[in-house]
Protein chains: 2
Amino acid sequence: MYRYAGVVSDSDRTGAAPGRPRSEAARQAVLEAVDDMLVEIGYAAMTMKGIAQRAGVGRQTVYRWWATKAEILLEASSGDADHELASPPRADPADDLAGFLTALATFLTVSPAGLGYRALLGEAQHDPAVRDLVRDADLLGRAARTVLDRVRPHAPAMPEARLASAQLTGPVVALVLETGQPLPATMLAEHARILISAWRNDRPADGNGVS
Amino acid sequence: MYRYAGVVSDSDRTGAAPGRPRSEAARQAVLEAVDDMLVEIGYAAMTMKGIAQRAGVGRQTVYRWWATKAEILLEASSGDADHELASPPRADPADDLAGFLTALATFLTVSPAGLGYRALLGEAQHDPAVRDLVRDADLLGRAARTVLDRVRPHAPAMPEARLASAQLTGPVVALVLETGQPLPATMLAEHARILISAWRNDRPADGNGVS
DNA sequence: TAGATTCGAGACACCTTGCCTCGTAAAGGA
DNA sequence: TCCTTTACGAGGCAAGGTGTCTCGAATCTA
């Protein structure tokens with residue numbers, strides 16, 4: 001069962017495959033077909049059969065390189081994700097976070113790669129293998145960490161990366177998954193402002209608060 | 001472990017249905033079968049055919065009352081959700097939030113109803129109809145709002161309910177969806193503490209922060 | 001009791017899946 | 001250059017799910 005891993009770099013391919021692919025054209029055609037079909041007909045209506053037809057490729061060729069729809073989708077999405085989730089640095093930390101959140105919200109609601117990621121995350125709830133795939137790829141986490149590293153100097157109370165990343169992206173991701181709708185820019189900005197306000201001030205929780 | 005909670009109220013059914021259900025037994029059998037099968041074989045392996053067999057019911061009977069697997073799942077899960085997500089009030093606001101977050105994490109990773117909700121949220125990424133179903137049910141949002149209302153008096157800077165709810169539950173939901181693993185209690189507690197710290201202090205964002 | 005409607009059961013056509021086999025075309029090695 | 005190797009497109013195949021339809025029987029309502 002030799003096939004490309006998708007997430008793996010090009011150089012990794014040289015190793016195990018008994019026969020190298022004769023043409024990258026077939027692989028590319030499949031990846032492009034998946035990208036297009038995801039937007040046009042949606043994940044549910046997308047079948048291995050349909051993908052092969054749309055790509056002008058034999059069914060067996062698809063099965064040769066990918067075991068499931070999810071694997072194709074991950075390979076088709078992961079490349080674009082890094083690029084689309086990169087937000088330019090801003091001087092003000094809250095603006096920096098807000099910029100990233102805007103890119104994230106656009107990614108999740110507009111971009112084909114983002115639609116692919118959502119479909120993948122959906123499939124991960126049904127199939128443990130896909131869940132591992134998504135967790136290991138960690139598309140959102142890696143992108144978030146880039147921004148968080150920029151902001152950290154201005155936010156002494158920022159928690160460990162895993163929690164900080166979840167606090168930053170979680171609300172946006174969850175809201176989009178639950179509603180499917182884009183989020184208002186003001187809400188994103190306020191979320192960023194509140195997070196920064198919490199991460200700046202390192203006063204530990206005191207026990208009171210009861211009236 | 002049977003329940004009758006449907007999102008659809010009893011009275012709703014009177015409208016369109018040409019005849020009321022003769023026995024609730026058939027409906028109950030289906031709901032219980034779905035609950036069991038979700039844990040035993042998972043959502044993906046669950047078929048309408050299998051549900052009917054497991055429930056000892058004709059296939060048409062299933063299709064008569066629910067159009068899709070998702071509808072059955074929502075009805076089977078939503079009843080338990082309210083109960084399982086209810087956390088007892090605590091004197092300290094941070095503890096109150098942490099208690100809710102613990103219940104939420106347990107719900108999402110252990111409870112059959114929580115597994116159902118995750119499967120539903122997954123399906124929502126593939127099927128717009130399910131997305132609307134999940135959004136309208138708003139299981140997590142309603143539960144969160146109960147806690148947030150208790151905490152609000154101690155948190156003058158808490159944002160509007162929608163954002164506050166997302167900030168509270170989003171990180172937990174997203175993390176569970178992406179990894180499938182339970183979250184450490186310390187992380188939940190720290191998340192609660194950080195949120196409270198931000199919501200307590202209503203200092204508006206100042207423009208500085210640049211070194 | 002009489003009519004209406006749901007019930008379990010199963011047949012049906014249609015579709016997708018994953019594997020298999022063709023004959024063909026294009027790589028790489030000698 | 002020739003020849004071996006391997007992927008390639010195409011399509012057949014069994015298995016299984018879907019959603020609709022039809023039956024006779026059970027059961028509720030009037």
Side-chain angles (χ1 to χ4, degrees), chain A residues 1-6 10 13-34 37-38 40-73 119 123 126-127 129-130, chain B residues 4 6 8 10 12-34 37-38 40-73 119 123 126-127 129-130:
Chain A
M1 186 54 68
Y2 41 88
R3 78 178 65 83
Y4 287 163
D10 262 338
R13 245 186 285 141
T14 346
R20 308 279 316 288
R22 193 131 37 76
S23 68
E24 281 293 316
R27 291 175 45 83
Q28 287 304 331
V30 169
L31 292 179
E32 288 175 25
V34 166
M37 294 177 76
L38 189 61
E40 292 171 14
I41 64 175
Y43 181 83
M46 220 169 59
T47 68
M48 295 294 254
K49 202 173 199 167
I51 293 170
Q53 280 184 343
R54 169 68 173 255
V57 147
R59 263 143 45 70
Q60 193 58 255
T61 301
V62 178
Y63 282 110
R64 193 189 325 277
W65 302 111
W66 301 277
T68 61
K69 256 199 300 180
E71 279 188 17
I72 316 180
L73 208 54
E123 197 68 7
H126 307 332
D127 184 345
V130 177
Chain B
Y4 179 68
V8 205
D10 259 318
D12 273 354
R13 247 185 284 134
T14 338
R20 308 279 319 288
R22 190 134 38 76
S23 68
E24 280 296 316
R27 291 175 47 83
Q28 288 302 330
V30 169
L31 292 178
E32 287 175 26
V34 165
M37 295 177 76
L38 188 62
E40 291 171 14
I41 63 175
Y43 180 82
M46 220 169 60
T47 67
M48 295 293 256
K49 203 171 196 167
I51 293 170
Q53 280 183 345
R54 169 67 172 256
V57 147
R59 263 141 58 64
Q60 192 58 254
T61 302
V62 179
Y63 283 109
R64 193 188 322 276
W65 303 112
W66 301 277
T68 62
K69 256 199 299 181
E71 277 188 18
I72 316 179
L73 207 54
E123 196 68 7
H126 307 331
D127 184 345
V130 178

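The basis for the numbers below is simple: all heavy atoms, side chains too, and nothing from hydrogens, waters or symmetry mates. The chains referred to below are lettered A, B, ... by the order of the sequence lines, with proteins before strands, and numbering in each begins at 1.
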> What residues in residues 49-62 of chain A put a non-hydrogen atom under 4.0 Å from any atom of DNA chain D?
Replying inline: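 Per residue number, the list reads A/G56, A/V57, A/G58, A/R59, A/T61.
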
Without decimals, in angstroms, what is the distance between [X] [atom1] and [N] [atom2]?
X	N	atom1	atom2	value
B/D127	D/dT18	CG	P	14 Å
A/K69	C/dG18	NZ	P	10 Å
A/Y63	C/dT16	OH	P	11 Å
A/Q28	D/dC8	CD	C1'	17 Å
B/E24	C/dT6	CD	P	13 Å
B/R27	C/dT5	CZ	P	19 Å
B/R64	D/dG19	CZ	C1'	14 Å
B/M48	C/dC15	CE	P	20 Å

Which atom pair, heavy atoms only, marks the closest approach of [X] to [Y]?
X	Y	answer
B/A33	B/A55	CB-CB, 3.9 Å
B/W65	B/R27	CB-NH1, 3.8 Å
A/M48	A/W66	CE-O, 4.4 Å
B/M46	B/L38	SD-N, 3.8 Å

>> Is B/W65 close enough to C/dC7 that one of its side-chain N or O atoms is under 4.0 Å from OP1 or OP2 there?
In response: yes

>> The test is side-chain contact (heavy atoms from CB on, under 4.5 Å); show your working for A/T61 and A/V30 and say whether it passes.
In response: CA-CA 9 Å; A/T61 301; A/V30 169; 5.8 Å; no

> Excluding sequence neighbours, so at least two apart, what forms side-chain contact (heavy atoms from CB on, under 4.5 Å) with B/Q60?
Replying inline: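 B/Y63, B/R64.
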
>> To the nearest 10°, give me the bend of the helix from C/dT1-D/dA30 to C/dA30-D/dT1, comparing the axes of its five terminal pairs at either end.
In response: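 Answer for the end axes of this duplex: 30°.
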
> Does the B/K69 side chain pair with the main chain of B/I51, one donor and one acceptor, at a distance under 3.5 Å?
Replying inline: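 Checked: no pair found.
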
> Just one of A/L31, A/V130, A/T68, A/V34 clears the side-chain contact (heavy atoms from CB on, under 4.5 Å) bar with A/L73, so which one?
Replying inline: A/V34

> Under the salt bridge (Lys or Arg N to Asp or Glu O under 4.0 Å) rule, what pairs show up with a residue in residues 44-55 of chain B, not counting sequence neighbours?
Replying inline: B/D36-B/R54, B/E40-B/R54

